[in-house]
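The structure appears below as structure tokens.
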Amino acid sequence: ASTLGAAAAQSGRYFGTAIAASRLGDSTYATIAGREFNMITAENEMKPDATEPQRGQFNFSSGDQIYNWATQRGMKVRGHTLAWHSQQPSWWGGISGSTLRQAMIDHINGVMAHYKGKLAYWDVVNEAFNEDGSRRQSNLQATGNDWIEVAFRTARNADPSVKLCYNDYNIENWSYGKTQGVYNMIRDFKSRGVPIDCVGLQTHFTGGSSLPSNFQTTLANFASLGVDVALTEVDVTNASTSQYAGLTQACINVPRCVGITVWGVRDSDSWRSSESPLLFDGSGNKKAAYTSVLNAL
Ligand code: XIL
């Protein structure tokens, strides 16, 4: 196959990217994105601050722009994200306790109603753990430890057709506290029937030339709990070819690893642009890492 999406499809997987609505008018950007990928995540446009800027007043204009662009090209869309400590609407900062809990529930219901039946995945909850595996202290956590399962139960009722994911970073290394914390939560949810279908490993890799050697083990162990796994926001410092090949191979080796999404198109589009972490350079040329991924798919 000659594109990332087509190569991933050979094994029933997808290859995605994050898209910024503001860049869709850039023809180089849109040409690469339209050619290479078959799953799209909105980089910021479906986050709570974007979709519910005032209480009960939803705004889907930018999110829909990305959704329409993707689906007109036959691509699927991953929703990102419904409940997170970051990029919250400012009015969430003025409420707490049961009021904030209800606002979160209403937010999930409002956003999921708009996209009901249209998305492949939703990142229901994003980044709820500390590095040591304890729960991250946030205004949502302060509403009660059960806020995550409430979010997932609300989401299942709002749209039974979409796969519901927990998404986080630094959960790639199996022998790491945060990985264990997330693993234990998923195991607990599965044992008690809390609805959850998938775990997203953001896979923002930094230093070093090698992957966490147990990355594939982590993917397999999450999958053994009965959830799909996906690499949801991949970028790698200086786009190390060995790390890109290794993370791709790890996904391919785990049957329930359903796909890989890179967090942007060109280096110049990246939130980490100074680290040149993506598969296309600022001019839109394929980098060596592109070939290493394509060959590993
Ligand atoms: C980042 C976006 O790329 C930036 O444009 C924005 O300013 C901040 O958020 N984890 C996530 C993503 O789940 O939503 C973040 O995206 C990167 C880290």
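As the structure is a prediction and not an experimental result, all values here were calculated from the model.
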In one Ile/Leu/Val/Met/Phe/Trp/Tyr side-chain cluster, 4.5 Å: Met112, Tyr121
no

Q: Would you please test Leu140 and Trp84 for side chain to side chain contact (heavy atoms under 4.5 Å, CB included) and show each step?
A: CA-CA 8 Å; Leu140 292 169; Trp84 189 21; 5.8 Å; no

Are Val194 and Ile105 connected, step by step, through hydrophobic side chains (Ile, Leu, Val, Met, Phe, Trp, Tyr) whose heavy atoms are closer than 4.5 Å?
yes

### Query
Is there a side-chain contact between Pro53 and Pro89 (heavy atoms, below 4.5 Å)?
no

Rounded to the nearest 0.5 angstrom, the CG-CD distance for Asn126 and Gln202 is 5.5 Å

*May I ask you to check whether Asn130 and Gln137 show a side-chain donor-acceptor distance below 3.5 Å?*
no

When every non-hydrogen atom of Ala103 is compared with those of Ile95, the smallest separation belongs to CB-CD1, 3.7 Å

Kindly say whether Asn285 contributes a backbone atom to a donor-acceptor pair with the side chain of Tyr290 at under 3.5 angstrom? no

Notebook entry, point to check: Is a donor on one side and an acceptor on the other found under 3.5 Å between the side chain of Thr218 and the backbone of Trp174?
Noted result: yes

In terms of hydrophobic clustering (I, L, V, M, F, W, Y; side-chain heavy atoms under 4.5 Å; direct or indirect links), are Tyr14 and Leu247 co-clustered? no

Per salt bridge (Lys or Arg N to Asp or Glu O under 4.0 Å), Arg266 is matched among Asp26, Asp235, Asp281 by Asp26

Worksheet item: Would Lys116 and Asp159 satisfy salt bridge (Lys or Arg N to Asp or Glu O under 4.0 Å), going step by step from the backbone distance to the final call?
Response: CA-CA 6 Å; Lys116 189 172 184 180; Asp159 183 358; 6.0 Å; no

Checklist entry - Just checking, any donor-acceptor pair under 3.5 angstrom between side chains of Asn253 and Gln216? => result yes

So do Val236 and His204 actually touch side chain to side chain, heavy atoms under 4.5 Å?
-> no

Check your understanding: For Ile19, does its backbone N or O pair with a side-chain atom of Glu43 as donor and acceptor, under 3.5 Å?
Key -> no

- Message: Looking only at the side chains, is there a donor atom on one of Gln54 and Trp91 sitting less than 3.5 Å from an acceptor on the other?
- Response: no

Side chain Ser273, main chain Asp269, donor-acceptor under 3.5 Å: no

Q. Is there a donor-acceptor contact under 3.5 Å from the side chain of Thr81 to the main chain of Asp123?
A. yes

For Ala6 and Asn38 the tightest heavy-atom approach is N-ND2, 4.5 Å

(message) Under a 3.5 Å threshold, yes or no: a donor from one side chain and an acceptor from the other, between Asn173 and Asn214?
(response) yes

Please assess His114 against Phe60 for the test ring-ring contact (aromatic ring centres under 6.0 Å, His included), listing each intermediate value before the final yes or no. CA-CA 8 Å; His114 180 77; Phe60 300 110; 3.8 Å; yes

Shortest non-hydrogen pair, Ala296 vs Ala245, comes out as CB-O, 4.0 Å

When rounded to the nearest 0.5 Å, the distance separating CG of Asn167 from OG1 of Thr232 is 3.5 Å

All heavy atoms of Tyr183 vs all of Ser224, minimum pair found to be OH-OG, 4.5 Å

Closest non-hydrogen atoms of Val199 and Phe222, given as atom of the first, atom of the second and distance, are CG2-CD2, 4.2 Å

### Message
Do Trp271 and Ile40 sit in one hydrophobic cluster, given that two such residues count as connected whenever their side-chain heavy atoms are within less than 4.5 Å of each other, even indirectly?
### Response
no

Rounding to 0.5 Å, atoms OG1 (Thr237) and CZ (Phe205) come to a distance of 10.5 Å

* Asked: Quick check: does any side chain N or O of Asp188 sit under 3.5 Å from a backbone N or O of Asn184, one acting as donor and the other as acceptor?
  -> no

Find out whether Val111 and Leu82 are in side-chain contact, i.e. whether some heavy atom of one side chain is under 4.5 Å from a heavy atom of the other.
yes

So, the side chain of Arg13 versus the backbone of Cys257: is there a donor-acceptor pair under 3.5 Å, distance only? yes

Legend entry - Polar side-chain atom of Lys190 near backbone of Ile196 as donor-acceptor pair, under 3.5 Å: yes

- Message: For a quick check under 3.5 Å, do Asp106 and Gln102 share a side-chain donor-acceptor pair by atom type?
- Response: yes

_Please say yes or no: joined through hydrophobic side-chain contacts below 4.5 Å, possibly via intermediate residues, are Phe15 and Phe280 part of one cluster?_
yes

Of Trp122, Trp263, Tyr67, the one forming a ring pair (Phe, Tyr, Trp, His ring centres under 6.0 Å) with His80 is Trp263

Kindly say whether Leu201 contributes a backbone atom to a donor-acceptor pair with the side chain of Glu172 at under 3.5 angstrom? no

Check: Trp92 and His85 side chains under 4.5 Å, non-hydrogen atoms = no

Test log, rule side chain to side chain contact (heavy atoms under 4.5 Å, CB included), inputs Gln57 and Glu52:
CA-CA 6 Å; Gln57 294 182 17; Glu52 196 181 0; 5.9 Å; no

- Message: Pairing donors with acceptors under 3.5 angstrom, does anything connect the side chains of Ser138 and Arg136?
- Response: no

Is there a donor-acceptor pair closer than 3.5 Å between any side-chain N or O of Lys287 and the backbone N or O of Ser276?
yes

query: Does the side chain of Asn59 come under 3.5 Å of the side chain of Ser61 through a donor N or O and an acceptor N or O?
result: yes

Quiz item: Does any non-hydrogen side-chain atom of Tyr244 lie less than 4.5 Å from one of Val262?
Solution: yes

Between the side chains of Arg101 and Asp146, is the shortest nitrogen-to-carboxylate-oxygen separation below 4.0 Å, so that they form an ion pair?
yes

- Message: In the structure I gave you, are the side-chain heavy atoms of Leu231 and Thr261 within less than 4.5 Å of one another anywhere?
- Response: no

When rounded to the nearest 0.5 Å, the distance separating CG of Leu278 from OG of Ser268 is 8.5 Å

* To do: Measure the shortest side-chain to side-chain distance between Arg256 and Cys198 over non-hydrogen atoms and say whether it is less than 4.5 angstrom.
  => no

Rounded to the nearest 0.5 angstrom, the CG-CZ distance for Asn238 and Arg272 is 9.0 Å

*asked:* Just so I know, are the side chains of Thr154 and Met104 near enough to count as touching, which here means a heavy-atom distance under 4.5 Å?
replied: no

### Task
Check step by step if side chain to side chain contact (heavy atoms under 4.5 Å, CB included) holds for Val77 and Thr71.
CA-CA 8 Å; Val77 177; Thr71 54; 4.3 Å; yes

Might you work through the side chain to side chain contact (heavy atoms under 4.5 Å, CB included) test for Leu279 and Leu4, ending with a clear yes or no? CA-CA 10 Å; Leu279 301 178; Leu4 298 168; 3.8 Å; yes

d(Arg156 CZ, Leu164 CG) to nearest 0.5 Å is 4.5 Å

query: Taking atom types as modelled and ignoring hydrogens, do the side chains of Asn170 and Glu131 form a donor-acceptor contact shorter than 3.5 angstrom?
result: yes

Notebook entry, point to check: Does a salt bridge link Lys178 with Asp132, judged by any charged N lying under 4.0 Å from a carboxylate O?
Noted result: no

Note: Ala33 and Trp69 closest approach over all heavy atoms is CB-CH2, 3.6 Å

- Message: Looking only at side-chain N and O atoms, does Gln87 offer a donor or acceptor that is under 3.5 Å from a partner on Asn44?
- Response: yes

